[in-house]
Asks: 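Dropping a structure here in structure tokens format, bear with me for questions.
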2 protein chains.
Amino acid sequence: MIAVSEHNAPSDKHCPHNAAINCASCRLSAICLPLALAQDEIVQLDEIVQRGRPLQKGQHLYRENDNFTSVFAVRSGAVKAYSMSDSGEEQVTGFYLPGEILGMDGIGHNRYASSAVAMEVSAICEIPFANIEDLSGKLPNMQKHFFKLLSQEIVEDQRHITLVSKHTAEERLASLIVSISARNARRNLSPLNIRLPMSRTDIGNFLGLTIETVSRVFSRFAKQGLIEVDKKELVVLDIDALKTIASLGH
Amino acid sequence: MIAVSEHNAPSDKHCPHNAAINCASCRLSAICLPLALAQDEIVQLDEIVQRGRPLQKGQHLYRENDNFTSVFAVRSGAVKAYSMSDSGEEQVTGFYLPGEILGMDGIGHNRYASSAVAMEVSAICEIPFANIEDLSGKLPNMQKHFFKLLSQEIVEDQRHITLVSKHTAEERLASLIVSISARNARRNLSPLNIRLPMSRTDIGNFLGLTIETVSRVFSRFAKQGLIEVDKKELVVLDIDALKTIASLGH
DNA sequence: TAGTTTAGTTGACGTAGATCAACTAGCCAG
DNA sequence: CTGGCTAGTTGATCTACGTCAACTAAACTA
């Protein structure tokens with residue numbers, strides 16, 4: 001009934017898992033490499049980007065404490081990053097959708113600080129970091145771009161701290177829905193028909209809530225006519241109401 | 001009775017507020033510029049670092065949405081960073097002690113994402129970011145150093161997310177005490193005699209707790225013989241117990 | 001096609017920490 | 001020294017969310 005996913009059967013040449021044999025023609029480049037780079041600079045970047053076989057659901061891109069070698073761009077599908085604390089609990093640190101870049105937490109100590117796993121079949125671009133450093137020394141725009149990417153992740157993480165430490169369950173979930181909706185819009189997908197690639201458990205973990213609370217809040221939003229939910233398919237009926245809830249003070 | 005602070009009366013030439021007329025002789029450089037730079041590279045950095053008058057308590061270093069120009073290193077004193085959400089609540093995003101660097105959240109959008117205010121009289125080094133970018137293009141070690149700094153802040157923020165979303169009040173406060181103790185040790189100050197530069201309100205805000213809960217947990221720790229507290233002076237009696245509590249799963 | 005497993009929902013109840021409120025101790029102004 | 005102000009402490013009560021438990025429905029398998 002609700003059908004949004006663009007990643008179903010990797011079959012023909014138009015399939016996003018195989019499309020985009022280079023950065024210049026990749027329709028995600030506007031997200032992945034915003035404004036920063038000139039045409040000839042993109043060509044240089046293109047030479048260092050590696051495009052592997054699609055990852056199956058559940059396959060890892062890297063694991064916590066692996067040697068840091070590369071950052072990764074999601075081309076299609078969806079990836080979850082999570083880390084394990086001393087005490088053994090899992091903390092989901094982020095969801096990465098097409099056009100988004102992950103793995104930068106590994107730069108600081110030459111080891112990934114989190115693990116990354118495909119939540120569904122995903123195509124990934126791998127960018128060896130040594131080459132980024134090289135290229136950044138030569139291309140000021142490239143350097144600037146990665147400084148920005150890192151800085152933006154800091155700002156997002158700090159917003160997330162506010163979210164989980166000062167906001168109610170409803171505000172947290174509304175905020176996640178609004179975020180995914182906006183990221184869909186950025187890729188020219190419907191901001192109102194959303195396929196959630198992650199489980200309720202992952203959502204709860206990410207938002208600092210239990211699975212039961214997530215489920216209850218989904219039900220409550222549905223009862224209030226803000227959304228329709230059917231498993232992982234989500235129809236947003238009143239995005240403005242959700243935005244209001246999301247930015248409500250505590 | 002307990003006296004730890006090194007920042008009392010800025011008076012003579014040995015006062016840390018005025019000391020260190022250059023990076024090479026700054027006793028904090030080991031924290032501020034770890035390993036990365038060669039001697040002659042430090043000299044180049046030194047030329048772009050600006051050292052202003054000491055900031056008085058309550059004075060701002062920058063404010064949220066100000067144009068981003070520089071990052072800052074704390075030379076003495078202590079600085080608090082905080083941001084304001086749409087809904088108007090304050091979120092303390094970090095405490096910065098001597099040798100630590102702040103302001104990097106401004107790189108991403110050319111505006112600071114937070115405000116920074118001195119919690120006590122503080123001496124600050126200002127490093128214009130345009131110069132850092134320049135120098136990073138020339139000195140690979142410099143570039144690498146700032147990539148690392150940014151990445152480490154991401155990792156810390158993610159740990160903080162785990163702390164506030166999955167840990168109890170006792171675990172959060174123990175974690176903060178252990179962190180400040182370790183940062184004291186790094187500067188060759190006593191890890192057990194600590195002066196907390198921030199108010200209970202700031203601690204609570206940072207940890208996602210109310211001031212009352214912070215107060216109660218301090219009292220409980222004292223009753224258990226783990227610490228002695230007198231206002232902002234803190235004596236750690238059992239650091240191992242605190243470390244155990246801090247890393248306890250939820 | 002029955003039987004098991006896995007993901008999610010819903011309800012009843014318990015609890016950590018928030019809220020509200022009273023109180024104490026410095027500390028500055030006059 | 002007195003009165004008001006600010007920062008912190010402590011107690012009594014309330015509540016949002018966690019916990020525990022029962023249930024439903026796909027999806028997997030044998």
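Within every chain, numbering begins at 1; the chains are lettered A, B, ... in the order of the sequence lines, protein sequences first and strands thereafter.
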Asks: Assess K223(B) against F221(B): is NZ or CZ under 6.0 Å from the centre of the six-membered ring, and within 45 degrees of the ring's axis?
Replies: no
Asks: Please give, in whole Å, the distance from dC23(C) C1' to I211(B) CD1?
Replies: 14 Å
Asks: Tell me, please, whether F218(B) has R200(B) positioned over its six-membered ring: NZ or CZ under 6.0 Å from the ring centre and within 45 degrees of its axis?
Replies: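 Judged by the rule (NZ or CZ under 6.0 Å from the ring centre, within 45° of its axis), R200(B) counts as positioned above F218(B).
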Asks: Go through the N and O atoms of the side chain of R216(B) and the base of dT19(C), and report whether any donor-acceptor pair is under 3.5 Å.
Replies: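 Such a pair is found, so the answer is yes.
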Asks: Any N or O donor-acceptor pair under 3.5 Å from the base of dC17(D) to the side chain of E212(A)?
Replies: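 There is none.
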Asks: Using a cut-off of less than 4.0 Å, is there contact between a side-chain N or O of T201(A) and OP1 or OP2 of dA7(C)?
Replies: no
Asks: On a plain distance test, is the side chain of R172(B) in donor-acceptor contact with the base of dG17(C) below 3.5 Å?
Replies: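 No.
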Asks: Charged N to carboxylate O under 4.0 angstrom, R75(B) versus E100(B)?
Replies: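 E100(B) and R75(B): not salt-bridged.
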Asks: From CG of L173(B) over to C1' of dG8(D), roughly how many Å is that when rounded to an integer?
Replies: 14 Å
Asks: From dG17(C), dG8(C), dT9(C), pick the nucleotide closest to the side chain of S199(A)?
Replies: dG8(C)
Asks: Report the distance from atom CZ of F218(A) to atom P of dA7(C), rounded to the nearest whole Å.
Replies: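 F218(A) atom CZ is separated from dA7(C) atom P by 16 Å.
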Asks: Which part of the nucleic acid, if any, lies within contact of G204(A), taking any heavy atom under 4.0 Å across all strands shown: a base, the sugar-phosphate backbone alone, or nothing?
Replies: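 Counting heavy atoms under 4.0 Å across all strands, no contact is made by G204(A).
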Asks: What is the distance, to the nearest angstrom, from the NE2 atom on H167(A) to the C1' atom on dA18(C)?
Replies: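 Distance check: H167(A) NE2 to dA18(C) C1' gives 16 Å.
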Asks: Round to the nearest Å and state the distance from K232(B) atom NZ to dG26(C) atom C1'.
Replies: 13 Å
Asks: Is the distance from OP1 or OP2 of dG18(D) to the nearest side-chain N or O of T210(A) less than 4.0 Å?
Replies: yes
Asks: Using 30° and 60° as the class limits, which term best fits the ring planes of Y112(B) and F68(B): parallel, tilted or perpendicular?
Replies: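 Aromatic pair Y112(B)/F68(B) classed perpendicular.
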Asks: Roughly how many Å is it from CZ in R200(B) to P in dG26(C), rounded to a whole number?
Replies: 14 Å
Asks: Quickly work out the L209(A) CG to dT19(D) P distance and round it to whole Å.
Replies: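 Atom CG in L209(A) sits about 11 Å away from atom P in dT19(D).
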Asks: Check E120(B) with K57(B), please: is the shortest side-chain N to carboxylate O separation under 4.0 Å?
Replies: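 Here K57(B) does not pair with E120(B) in a salt bridge, since their nearest N and O are not under 4.0 Å apart.
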Asks: From CD of E233(A) over to C1' of dG8(C), roughly how many Å is that when rounded to an integer?
Replies: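 Going from CD in E233(A) over to C1' in dG8(C) covers 15 Å.
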Asks: Just to confirm, is there a sub-4.0 Å distance from OP1 or OP2 of dG18(D) to any side-chain nitrogen or oxygen of T213(A)?
Replies: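 Yes, within the criterion.
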